[in-house]
Trainee: 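The structure is given below, and queries will be raised subsequently.
Worth knowing before you read on, the calculation uses all heavy atoms, side chains too, and leaves out hydrogens, waters and symmetry mates. Read the numbers this way: they start at 1 and go in the same order the structure lists the ligands and their atoms. What you see is a predicted model, and the numbers here were worked out from it, not measured in a lab.
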Amino acid sequence: METLKVRIGKDLIIGEPGHIVVQTMCNTHTYDIDATVAQCRAMSAAGAELIRITVPGMKDVPCIAEIKDRLRSEGILTPLVADIHFSSETAIAVAKTVEKVRINPGNFHPDHETAKARFAELIAVCKEYGTAIRIGLNHGSLGKYITDLYGNTPLAMAKAAMEWLQMCVENDFYQVVVSLKSSNTIVMVEAYQLLYKMMQESGVVFPMHLGVTEAGNGDSGRIKSCVGIATLLEQGIGNTVRVSLTEDPLAEIPVARYLAERYGGKSISMPQGRERVILDAACDFGPSLLMHRKDDIKLDTGLGAEFDAYLADEILQASRRRFYKPEYIACPGCGRTMYNLQDAFEKVKARTSHLKGMVIAVMGCIVNGPGEMADADWGYVGEGNGKVSIYKKNVPVLRHIPEDEAPDRLLELIESEQ
Ligand code: SF4
């Protein structure tokens, strides 16, 4: 069954056969208009076809309008996506300005019927202004209504998405893209596969935005993203990709482009250096491991036996077949980030690298971070004002710890429980 084509702004279509759209997200504060415009300019020049910007509240709506005006006045036409958490009021206001709005309607209100009513209001505005919507559900931030029915599972993610998509169909609104992200590659792949099947059975297949959320950074972040996303793209599932790395967002774009070119049937523009070797191996072997078509791998990259063994370990861990080090979950950061996330992540890794198999999350903000780190044994979350909260399985156990003490306090806590 053909996937619907969703128009974003004047020139971009998501769902076009053979074209996988590359997107990324700003990590600047949206109120810092100069910095956000500069980052969008650089992203657009690097090949981003769609740029997401966080809109934490109503006061940020005029900022995004100005960012868009300034970009357009420079001739930069890359469509903008407003990233909304919780506030339907903000979603409705900003939908009049940007080309696309990303929401999780289940978080619009704790009461499910109220959330549905707010979503209907947003659809009406989007229809009027020609704005697209991404229904973006993440493992760990599903509404209580759905987890009460199905638990915190891939099935719950797919069922929740189907309910919101059905509402779009009932409202005759088809400018919709959907995503079901998780930091766990198996959960993520299962959720997308289930949803794809459910959409086919319903007779309407909306395009899908793929991503492994909170993938971390460096080789591990790239490999984890490639394994999850490539597993779906090679099955013909997915129309746009975002590779989330806890790095400068510009570093995400070459990885996303690699995936878009490789699975869009185009020649790959990334030259054959170390990064290319890593991405090739992750995509060549990760999907077979994740789908249990293979149980082990042996690599011969030409970069030495030690590197080959390391890369095989990384791909096996990203495919969740064998764990040789801790599993790190780290958000990419955005305009809500409350501290130097990249620095904090490196410090936490340095203290905890010996804790094989443990799941440790490092998150940028106290508003969304705790909800998003569903699988973590321990969480390390920026509060703002130089302070950090430490969580054990989603429960805060230490609050207001000065940033320079917090990595040691985390390690002490973990060791005291072993
Ligand atoms: S958890 Fe990270 S990416 Fe998500 S909203 Fe907070 S700072 Fe942004």
Trainee: Could you tell me the separation between the CG atom of Asp219 and the CG atom of Leu311, rounded to the nearest 0.5 Å?
Mentor: 8.0 Å
Trainee: Can you tell me if an N/O/S atom from Cys331 lies under 2.8 Å from atom 8 (Fe) of ligand 1?
Mentor: no
Trainee: Among all protein heavy atoms in this structure, tell me which lies nearest to atom 4 (Fe) of ligand 1, with the distance rounded to 0.1 Å.
Mentor: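 Result: Asn368 CB, 4.3 Å.
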Trainee: Are Arg257 and Glu275 ion-paired here, with the side-chain N under 4.0 Å from a carboxylate O?
Mentor: no
Trainee: Just to confirm my output: which protein heavy-atom neighbour is closest to atom 8 (Fe) of ligand 1, and how far is it?
Mentor: Cys334 SG, 2.3 Å
Trainee: Verify the distance criterion only: is there a donor paired with an acceptor across the side chains of Thr131 and Gln175 at less than 3.5 Å?
Mentor: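 Gln175 and Thr131 do not have a side-chain donor-acceptor pair below 3.5 Å.
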Trainee: Identify the protein heavy atom lying closest to atom 7 (S) of ligand 1, giving its residue, its atom name and the separation to 0.1 Å.
Mentor: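 For atom 7 (S) of ligand 1, the nearest protein heavy atom comes out as Thr337 OG1, 3.4 Å.
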Trainee: Nearest protein heavy atom to atom 6 (Fe) of ligand 1, by residue and atom, and its distance?
Mentor: Cys365 SG, 2.3 Å
Trainee: Compute whether any side-chain donor of one residue and acceptor of the other, for Asn217 and Gln342, lie under 3.5 angstrom apart.
Mentor: no
Trainee: Can you confirm whether Val37 sits close enough to Glu74 that some side-chain heavy atom of one is under 4.5 Å from a side-chain heavy atom of the other?
Mentor: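 Result yes, sub-4.5 Å side-chain heavy-atom pair found.
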Trainee: Any idea which atoms of ligand 1 are less than 4.0 Å away from a heavy-atom of Gly364?
Mentor: 2 (Fe), 7 (S)
Trainee: With a cut-off of 4.0 Å, which atoms of ligand 1 are near a heavy atom of Arg336?
Mentor: 5 (S)
Trainee: State the atoms of ligand 1, each with its element, that fall below the 4.0 Å cut-off from a heavy-atom position in Gly369.
Mentor: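 Listed by number with element: 1 (S).
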Trainee: Answer yes when Lys181 and Glu372 have at least one side-chain N-carboxylate O distance shorter than 4.0 Å, and no when they do not.
Mentor: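 Salt bridge: no.
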